[in-house]
Amino acid sequence: MFILLLFTEDKKWTEIDFEARRMHVVHLLNNVDVAKRDQRMKAARAILYLAQGNFGEVSCEEEQMEWTRKNCFLIYECGALNVFVELLCLEAGNLVAATTALRKPAVSIVDSSDLRVILSLLYIMVETLRRKDSSRDSEEEMKLRTNLQCEIGQPIREDDSLAIILFNMVTKFCSGHAPHFPIKKVLLLLWKVILFSLGGLHDHQILKDKTRELLGLPTLIEDSVQITKNLRAVSPPASAVDMLDLQGRKGNRPPPLKRDGIDESLPSEDGERKEDELKDEVHNMSDDEDENGLPPLPDTPREPRSLPWTPKVRQRDVEMFLDHTRNKFVGFQVESDSTTLAGLPNPIHEGYNVLEKHLYVSLAELQVRREEEINKHPLSKGDEDIPNTAAEILYQAMLSSLPQYMIALLKILLAAAPTSKAKTDSINILADVLPEEMPMTVLQSMKLGVDVNRHKEIIVKAISGLLLLLLKHFKLNHVYQFEFMSQHLVFANCIPLVLKFFNQNILAYIGAKNSIPAIDFPSCVIGDQAELTADSLEAGDNIPYCWRNLFSCINLLRILNKLTKWKHSRTMMLVVFKSAPILKRALKVKQAMMQLYVLKLLKVQTKYLGRQWRKSNMRTMSAIYQKVRHRLNDDWAYGNDMDARPWDFQAEECALRTCVDRFNSRRYDTDSGKDPDLQPVDNNIQSVLGQEMDLSEEFKRFYEIWLDREVFTSQINWDLLLKDKIYV
């Protein structure tokens, strides 16, 4: 390989010692800093080859992965992060490349070759160092990982962190000023940088428990992911066509109804039952297997039935319960009192005790309450210690341009959605996948089609994972940071965009096989290469589902849940956009976690859909009852709630926007400062006259001239002063 030309000895990379490898990496990094473009990019490609595991000198994938790990730690230890971030900024600001791409009728993969080298190296280094392996990590490697995690969230170039640099590249790409940017690699690196600096969902859960403990709140006993793993996916509601088809096959006999549970199998012969269980093993991805991976026997006793989640109740629900019962039995209300039960009958006492037992106080409620106290008492409560967390640093850096970032991400998500139609004014997200010359054979056309679909799927995965991470970490850091981001997502039509994404054959999307294992890295460079044929392209892999697409669908559903939770105006958007039939079709995917978030979205809008819809969808209602957490005093299954009445949606969003703007202005607006009306005033004449004033040299030079002209030689008519009114 070309990297061997830089070695002083005629040996392979795997044969030289550690100090020699370090010397060569430092030499390559020095070459990256040279002014000559060809020499600079040649050295960058050599370092990328090392980061990819020097695949030309290994014999198997395991050996290649081991060398990738060793080389990435070595490359980072030698200071490659700052060098390549500087190189990334240099290439991203290359006006010649941008102008050339704008003049070309069609941008191809050739226009972004240098940027793809830099982004690939940064991605491999971040992703390799991010993954923890307690069995292999040494103390030095753990220290390097911690240093990278801290360094990647700090300003690297011109007060901008790597995440902000990548966000700016995304907005520049969407504005049309840089159509040659490899947007897939930019988004993937941005997602991994956020994931590494803020932490994944497991780290988020640990941080949430620590924060609740510091504030004196009980930690969460239930782990949502673990409980969801133990849930069994429900059988999808049968459509009218399926019912007629089933009646035709069974001689116009109606199918047996399932009275005791939506997830029970239909009574059938033993052969049909075993076939259904095998299908569940593939499509359900449930944990109903023994340690050998075999389906359970038909006579295996089932665990006793119980609700998977502990019910919850909010403080607001307790107060509404007491206000209602006091009006009914006593005839008056007691403001700001949620404990007194005087004059109420014993059944009300029992109901109150049940509510108190399941009372859940969220971090968001405490944060909102704290903001209300600061607004009421700005002098005594105004000072607060802002925690210097990774999420806080990122939010402060994103605050000024966050609306543009959200709009850019949703634009790319719209262009990558399978249901989107090609338009002349839409952005071109295929610049880093289309070749310079169009394919001439059927095989090349098939390969390009698979690459394009895979390219779009990866973009959707990166954006959905990125948005979900930001929403969760911002909500944990402060609820108004979450509300600020979520409002801009709603204003940018995120809700109809996600619904449009799911308005497709979701089973076909999750079962898509847009991958070619024969040419995946590192299979394409290690060992004997199989001949690529049209049959091998059509066959794909043997996995019956695409984890990438399933991951994207779950993320988008979770984002939709976060945007609409406890927001009546946004819930009504789900109703207005007729999301119920779209979400019901998504229930056909027999995966427990995905079905859980679909059922949550159906639950919040059930009371608005009318009695006829609830009557026609009793199986879905039963699934909601069995799988979704219960909120005490929440009659979601009925339409008689006060929240189901007409609502002033614009006023609700405006009130929330006012609170968010007040929070951002008070906490981050350094120009305006504090309210001048609330500042203390020094009215002591001695202290005021005793203050030292900084006078300019010009004032000192001309002070005597001004004094002589304006004071000594000026005639003052004191009679005019006495005629004026004197105000006390």
* Pairwise distance SG(Cys546) to CZ(Phe551) - rounded to 0.5 angstrom -> 12.0 Å
* To do: Evaluate side-chain contact (heavy atoms from CB on, under 4.5 Å) for Thr389 paired with Glu392, printing each intermediate quantity in order.
  => CA-CA 5 Å; Thr389 61; Glu392 181 67 31; 3.4 Å; yes
* Minimal non-hydrogen separation, His180 against Ser112, with atom names -> O-CB, 3.1 Å
* Does a donor on one side chain and an acceptor on the other come within less than 3.5 Å for Gln591 and Gln595? -> no
* Asked: Does a side-chain heavy-atom distance below 4.5 Å link Leu102 with Pro179?
  -> yes
* Any donor-acceptor N/O pair, Asn561 side chain to Leu557 backbone, under 3.5 Å -> yes
* Stepwise side-chain contact (heavy atoms from CB on, under 4.5 Å) check, Ile429 with Lys184 -> CA-CA 8 Å; Ile429 61 172; Lys184 181 190 74 174; over 6 Å; no
* How many angstroms lie between atom CZ of Arg157 and atom CD1 of Ile165, to the nearest 0.5 angstrom? -> 7.0 Å
* Asked: Does the side chain of Ser579 come under 3.5 Å of the side chain of Gln605 through a donor N or O and an acceptor N or O?
  -> yes
* **Donor on one side chain, acceptor on other, Asn505 and Arg585, under 3.5 Å** => no
* To do: To the nearest 0.5 angstrom, please state how far the OG atom of Ser552 sits from the CD1 atom of Ile458.
  => 10.0 Å
* Do Tyr597 and Asn555 have side-chain N/O donor and acceptor atoms under 3.5 Å apart? -> no
* To do: Assess the side chains of Tyr405 and Asn168: does a donor N or O sit below 3.5 Å from an acceptor N or O?
  => yes
* Which atom names give the shortest non-hydrogen contact between Leu166 and Leu88, and what distance separates them? -> CD2-CD2, 4.1 Å
* Asked: Less than 4.5 Å apart, any side-chain heavy atom of Val450 and any of Lys513?
  -> no
* Test item: Leu434 and Leu448 side chains (from C-beta on) under 4.5 Å apart, heavy atoms -> yes
* Indicate yes or no for a side-chain donor-acceptor contact from Glu436 to the backbone of Val110 under 3.5 Å, with no hydrogens or angles considered. => no
* For the residue pair Val107 and Leu430, establish whether any side-chain heavy-atom pair is separated by less than 4.5 Å. => no
* What are the two closest non-hydrogen atoms of Lys172 and Gly93, and how far apart are they? -> NZ-CA, 4.2 Å
* **Donor-acceptor pair, side chain of Gln504 and main chain of Pro418, under 3.5 angstrom** => no
* How many angstroms lie between atom CG of Asp111 and atom NZ of Lys104, to the nearest 0.5 angstrom? -> 3.5 Å
* Over all heavy atoms of both residues, which pair between Ala586 and Ile506 is shortest? Give the atoms and the distance, please. => CA-CG2, 3.9 Å
* Do the non-hydrogen side-chain atoms of Gln404 and Ser401 ever get within less than 4.5 Å of each other? -> yes
* Pair Phe474 and His478, ring centroids less than 6.0 Å apart -> no
* Closest contact, heavy atoms only, Asn514 versus Arg548 -> O-NH2, 3.6 Å
* Kindly indicate, with the supporting measurements, whether the criterion side-chain contact (heavy atoms from CB on, under 4.5 Å) is fulfilled by Trp636 and Val604. => CA-CA 7 Å; Trp636 59 270; Val604 296; over 6 Å; no
* Asked: More than 12 non-hydrogen atoms from neighbouring residues, nucleotides or ligands closer than 6.0 Å to CZ on Arg454, yes or no?
  -> no
* Asked: Any sub-3.5 Å donor-acceptor pair from His473's side-chain atoms to Gly199's backbone N or O?
  -> yes
* When you measure from the side chain of Thr564 to the backbone N and O of Arg570, does any donor-acceptor pair fall under 3.5 Å? -> no
* **Parallel, tilted or perpendicular: ring planes of Phe663 versus Tyr668, cut at 30 and 60 degrees** => perpendicular
* Any donor-acceptor N/O pair, Ser464 side chain to Val460 backbone, under 3.5 Å -> yes
* Asked: From Ser486 OG over to Met406 CE, what is the distance, rounded to the nearest 0.5 angstrom?
  -> 10.5 Å
* Please find out if less than 6.0 Å separates the ring center of Phe173 from that of Phe181. => no
* Asked: Any donor-acceptor pair under 3.5 Å linking the side chain of Arg614 with the backbone of Thr606?
  -> yes
* Asked: Can you find a heavy atom in the side chain of Asn94 that is under 4.5 Å from one in the side chain of Asp114?
  -> no
* To do: In plain terms, say whether Arg131 and Glu127 are close enough for a salt bridge, that is, a side-chain N and a carboxylate O under 4.0 Å apart.
  => yes
* **Check: Phe501 ring centroid to Tyr509 ring centroid under 6.0 Å** => yes
* Asked: Can Ser515 and Asp520 be said to form a side-chain hydrogen bond (donor to acceptor under 3.5 Å, both in side chains), step by step?
  -> CA-CA 8 Å; Ser515 61; Asp520 285 344; 5.3 Å; no
* Trp566 six-ring centre to Arg316 NZ/CZ under 6.0 Å and within 45° of normal -> no
* Examine the side chains of Glu653 and Ser569 and answer whether a donor and an acceptor come within less than 3.5 Å of each other. => yes
* Please test Gln205 against Asp223 for side-chain hydrogen bond (donor to acceptor under 3.5 Å, both in side chains), starting from the C-alpha separation and ending with a verdict. => CA-CA 9 Å; Gln205 186 68 29; Asp223 188 347; 5.7 Å; no
* Asked: Is the number of heavy atoms from other residues, nucleotides or ligands within 6.0 Å of CG (Asp159) greater than 12?
  -> no
* **Salt-bridge present (Glu222, Arg629; N to O < 4.0 Å)** => yes
* With no hydrogens and no angle check, is any side-chain donor or acceptor of Asp203 less than 3.5 Å from a backbone partner on Gly200? -> yes
* Identify which one of Lys567, Arg662, Lys565, Lys475 satisfies the salt bridge (Lys or Arg N to Asp or Glu O under 4.0 Å) criterion when paired with Glu483. => Lys567
* To do: Determine whether His204 and Leu198 make a side-chain contact, defined as any pair of heavy atoms from C-beta on separated by less than 4.5 Å.
  => no
* Donor on one side chain, acceptor on other, Ser120 and Lys185, under 3.5 Å -> yes
* **Side-chain touch Leu409/Phe167, heavy atoms, less than 4.5 angstrom** => yes
* Which heavy-atom pair separates Tyr608 from Val575 by the least distance, and what is that distance? -> CB-CG2, 3.8 Å
* Asked: Got more than 12 heavy atoms from elsewhere within 6.0 Å of NZ, Lys312?
  -> yes
* Could you go through the side-chain contact (heavy atoms from CB on, under 4.5 Å) check for Leu188 and Lys192 one step at a time? => CA-CA 6 Å; Leu188 278 175; Lys192 295 300 182 180; 5.6 Å; no
* **Nearest-0.5 Å distance, CD of residue Glu86 to CG of residue Leu90** => 8.5 Å
* Asked: According to the interplanar angle, ranging from 0 to 90°, do the rings of Phe491 and His488 count as parallel (below 30°), tilted (30 to 60°) or perpendicular (above 60°)?
  -> perpendicular
